[in-house]
Amino acid sequence: MTRHLITSALPYINGIKHLGNLVGSMLPADVYTRYLRQRGEEALYICATDEHGTPAELAAKAAGLPVAEFCAQQHDAQKAVYDGFGLAFDYFGRSSSAENREITQHFARKLHENGFIEERAIRQVFSIADDRFLPDRYIVGTCPHCGYDKARGDQCENCTRVLDPTDLIEPRSAISGSSELEVRETKHLFLLQSKLSGEVEAWINETSDEWPHLASSIARKWLTEGLHDRSITRDLEWGVPVPADTWPELAAEGKVFYVWFDAPIEYLGATKEWADLEPESRDWKSWWYEASDVRYTQFMAKDNVPFHTVMFPAMQIGTREPVKRVDHVKAFNWLNYYGGKFSTSQQRGIFSDTALELLPADYWRYFLMAQAPESDDTSFTWELFATSVNKDLADTLGNFVNRVLSFSRKRFGDDVPAGKEAGDAERKLGEEIARLLAEYEGHMEALQFRKAAQALRALWSAGNSYLEEKAPWLEIKTDQEGAALTLRTAMNLIHLYAVVSEPFIPSSARAMREAFALADDTATWVSADEARALASVPAGTAFTVPPVLFAKITDEDLEAWRARFGAQ
């Protein structure tokens, strides 16, 4: 039986992430993992905070904290937010862990043994004002390609082009702001990607047919441009140290590995952290080494694609060990904020902790997945958010649940009524629900989340159409047993919705499910036959009316949020 390994791009440690970051990696990974588990699949969802590199040191300095203490605090803060969103990680680790340090150094030694790491003398930017060599992210300036004036020395956040610090126009130190820079000689380790390019290309040709076009096109663009040898060490205090047994001189100089070298290895590291909690029952290597029964799916935004589809596979291939490589790369475009980019560094947009202060997680989970930026960039607006919440969640699903349960309790008491045997309308409904459920399953298995959300919405709408057709509030005047059948059928729909909606809106799904006092409610999914029968909640089952599932967003709410967060 296939086991499923799921990873989402590691959120960087410097601050709470915005909604664009959430929908571009962790949330869809969670939705997919929940779905797999409900279908009886074995799934392991691994993530972690990405804690090394220049931004962590700069953020710690700004906070007046030692970098290790800063990262520990930020990890806990981020984890609390992800818990609030109901992200069901099997383990949420830290790239600064001892496990990641051990495996990263192992990777480096194996790459060196196999001739894929080389020590080179290079000329690097030195800040006279700061009296130190500056790693690439410690240098900011204007991007020579797009003119963005806050580009970093490794990559332009605006156009995503990979840069060298010497490419920047009017470079300056990110520490002191000084432009008093000069180039001096120092030594660093280089990953010889040029020697691995043929093997990486062969692997991509063999593997990428099932990837979204976004992921495969970015990977092939890098291959077309040619894989260049890449420096994998930096002059930083915080990071995985170069092992002294292999490179004693560099270790003595305090060199650490480049954050993009150790960050993807943390997928292995976090799996080992997970296993180390229960070493007698968990084997982390079974997920990563000679793991022919594992299907590995990665979730990430498009700016992370090159490192996951080219650099990390090159590292894995170069170890000459049977390390599990990704089978499917689910890449996302960007969620923008009124047409402009969400930005952690510029505090533009809605951040995940603030979102939870405004509304419960399920409002955001559903909206973000229904608007997931799969085929192109999408834009968050408060108006679109309100329309989606009010129409889909409050009116279509929430109102259906409330009016069915409230009306039945008023007319038939606190137990599910019996009524007639199912008739043509119920058989027609069952066939429609089975068809829509199959459509929903197909989209989920294909990782097409916007289409899956549309199919889920159609399932909810089918219940409303049935209710409007049967009109039990009129039916009860002339055919009480017929009205009871209608309500019993509708209650079975509510239970079905609770089961199949769980990947998208887990808290609300639980509330719907708990409305019925079923003695042995162990259903994890709904089969096509069960969808046709709509009989999982039998007559006589006690039920309660849950609180309103989804409150409508008012014009006053919109006005307040636009004023607080801006709307342009």
Side-chain angles (χ1 to χ4, degrees), residues 38 392 395-442 452 454-502 505 508-509 511-546 549:
Q38 284 189 275
D392 298 347
D395 289 344
T396 303
L397 178 60
N399 187 49
F400 177 82
V401 172
N402 184 264
R403 66 175 174 161
V404 166
L405 296 180
S406 296
F407 185 75
S408 187
R409 185 176 65 177
K410 180 179 179 181
R411 292 306 184 101
F412 294 101
D414 294 330
D415 295 336
V416 176
K420 297 179 177 179
E421 293 295 316
D424 289 342
E426 288 70 39
R427 284 188 284 273
K428 177 184 174 183
L429 173 66
E431 290 298 329
E432 176 71 357
I433 293 297
R435 182 187 68 81
L436 290 171
L437 180 60
E439 184 179 321
Y440 176 54
E441 292 169 353
Q454 291 168 5
L456 183 60
R457 185 190 308 123
L459 278 165
W460 300 341
S461 294
N464 282 277
S465 297
Y466 169 76
L467 208 61
E468 292 301 319
E469 176 188 346
K470 294 294 295 289
W473 49 89
L474 299 177
E475 191 178 21
I476 198 169
K477 296 177 181 179
T478 57
D479 186 357
Q480 188 162 337
E481 291 298 292
L485 164 64
T486 300
L487 292 169
R488 187 184 81 235
T489 302
M491 290 188 194
N492 273 278
L493 276 177
I494 292 171
H495 186 269
L496 180 146
Y497 294 160
V499 175
V500 303
S501 302
E502 193 265 348
I505 48 171
S508 305
M512 285 189 282
R513 195 161 179 156
E514 290 175 351
F516 301 102
L518 291 169
D520 188 26
D521 188 8
T522 59
T524 58
W525 199 249
V526 179
S527 70
D529 287 343
E530 289 169 335
R532 292 186 185 95
L534 292 173
S536 59
V537 182
T541 302
F543 71 90
T544 57
V545 182
L549 291 178

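For this chain, numbers begin at 1 and follow the sequence in order. Small disclaimer: the values here were computed from a predicted structure and weren't measured.
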**Q** Residues in ring pair (Phe, Tyr, Trp, His ring centres under 6.0 Å) with Tyr466, at least two apart?
**A**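 With neighbours one apart ignored, the set is empty.
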
**Q** Check salt bridge (charged side-chain N to carboxylate O under 4.0 Å, His left out) between Arg457 and all other residues, then give those that pass, not counting sequence neighbours.
**A**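 Arg457: salt bridge (charged side-chain N to carboxylate O under 4.0 Å, His left out) contacts with Asp392.
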
**Q** Could you give the distance from CE (Met512) to NE2 (His495), rounded to the nearest 0.5 Å?
**A**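 These two atoms lie 10.5 Å from each other.
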
**Q** Using the test side-chain hydrogen bond (donor to acceptor under 3.5 Å, both in side chains), find all partners of Ser527 that sit at least two apart in sequence or belong to another chain.
**A**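 side-chain hydrogen bond (donor to acceptor under 3.5 Å, both in side chains) list for Ser527, sorted by chain: Glu530.
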
**Q** Mind checking what makes side-chain hydrogen bond (donor to acceptor under 3.5 Å, both in side chains) contact with Thr489, not counting sequence neighbours?
**A**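 Applying side-chain hydrogen bond (donor to acceptor under 3.5 Å, both in side chains) to Thr489 gives none.
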
**Q** Quick check for you: to the nearest 0.5 Å, what is the distance between Ile476 atom CD1 and Phe412 atom CZ?
**A**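 So the gap between those two atoms works out to 4.0 Å.
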
**Q** Got a sec, which residues hit salt bridge (charged side-chain N to carboxylate O under 4.0 Å, His left out) with Glu514, two or more places apart in sequence or on another chain?
**A**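 None.
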
**Q** Do Phe400 and Trp460 make a side-chain contact, defined as non-hydrogen atoms from C-beta onward lying under 4.5 Å apart?
**A**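 No - every pair of side-chain heavy atoms lies 4.5 Å or more apart.
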
**Q** List in chain and number order the residues that pass salt bridge (charged side-chain N to carboxylate O under 4.0 Å, His left out) with Asp424, two or more places apart in sequence or in another chain; answer none if no residue qualifies.
**A**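 If we apply the salt bridge (charged side-chain N to carboxylate O under 4.0 Å, His left out) test to Asp424, skipping adjacent residues, the hits are Arg427.
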
**Q** Can you see which heavy atom on Ala483 is nearest to which on Pro472, and at what distance?
**A**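 Closest heavy-atom pair between Ala483 and Pro472: CB-O, 4.0 Å.
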
**Q** Specify the closest pair of heavy atoms between Asp415 and Ala542, including all atoms of both residues, with the distance to one decimal.
**A**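 Residues Asp415 and Ala542, closest heavy atoms: OD1-CA, 3.3 Å.
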
**Q** Any ring pair (Phe, Tyr, Trp, His ring centres under 6.0 Å) pairs touching residues 512-536, not counting sequence neighbours?
**A**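 Ring pair (Phe, Tyr, Trp, His ring centres under 6.0 Å) check on residues 512-536 returns Tyr35-Trp525.
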
**Q** Which value, rounded to the nearest 0.5 Å, describes the distance between Leu456 atom CG and Leu437 atom CG?
**A**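 Those atoms lie 10.0 Å apart.
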
**Q** In chain order, what residues pass the side-chain hydrogen bond (donor to acceptor under 3.5 Å, both in side chains) check against Asp395, with sequence neighbours excluded?
**A**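 Once residues adjacent in sequence are excluded, the partners of Asp395 under the side-chain hydrogen bond (donor to acceptor under 3.5 Å, both in side chains) criterion are Lys552.
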
**Q** Does Arg435 pair with Glu439 as a salt bridge, N-O distance under 4.0 Å?
**A**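 Salt bridge flag = yes for Glu439 with Arg435.
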
**Q** Enumerate, atom names and distances included, each donor-acceptor pair closer than 3.5 Å involving a side-chain atom of residues 404-411, sequence neighbours excluded.
**A**
from: Ser406; atom 1: OG; to: Asn402; atom 2: O; distance (Å): 2.8

**Q** How close do Ala462 and Leu429 get, counting heavy atoms only, and between which atoms?
**A**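 Smallest interatomic distance, heavy atoms only, reads O-CD1, 3.9 Å.
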
**Q** For Thr486 and Lys470, which heavy atoms make the closest approach, and how far apart are they?
**A**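 So the minimum-distance heavy-atom pair works out to OG1-NZ, 2.9 Å.
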
**Q** With heavy-atom distances below 4.5 Å as the criterion, would you say the side chains of Asn492 and Leu496 are in contact?
**A**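 Asn492 vs Leu496: side chains apart.
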
**Q** Show the nearest heavy-atom pair for residues Ser501 and Ala509, with the distance to one decimal.
**A**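 It is C-CB, 4.4 Å.
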
**Q** Counting C-beta onward and ignoring hydrogens, is there a side-chain heavy-atom pair between Ile505 and Leu397 closer than 4.5 Å?
**A**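 Contact flag for Ile505/Leu397 side chains = yes.
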
**Q** Which heavy atom of Ser508 sits nearest to which heavy atom of Leu549, and what is that distance?
**A**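 Smallest interatomic distance, heavy atoms only, reads O-CD2, 4.3 Å.
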
**Q** What pairs with Glu468 under salt bridge (charged side-chain N to carboxylate O under 4.0 Å, His left out), at least two apart in sequence or on another chain?
**A**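 Glu468: salt bridge (charged side-chain N to carboxylate O under 4.0 Å, His left out) contacts with Arg403.
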
**Q** Are Pro417 and Met491 close enough that some pair of their side-chain heavy atoms sits under 4.5 Å apart?
**A**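 Counting from C-beta outward, Pro417 and Met491 do come under 4.5 Å.
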
**Q** For the atom pair CG (Leu459) and CD (Glu432), what is the distance rounded to the nearest 0.5 Å?
**A**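 Taking CG in Leu459 and CD in Glu432, the distance rounds to 8.5 Å.
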
**Q** With sequence neighbours excluded, give me every salt bridge (Lys or Arg N to Asp or Glu O under 4.0 Å) pair touching residues 477-488.
**A**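 Residue pairs passing salt bridge (Lys or Arg N to Asp or Glu O under 4.0 Å), neighbours aside: Lys420-Asp479.
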
**Q** Just jot down the side-chain hydrogen bond (donor to acceptor under 3.5 Å, both in side chains) partners of Glu469, sequence neighbours excluded, or say none.
**A**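 Glu469 satisfies side-chain hydrogen bond (donor to acceptor under 3.5 Å, both in side chains) with no residue once adjacent residues are dropped.
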
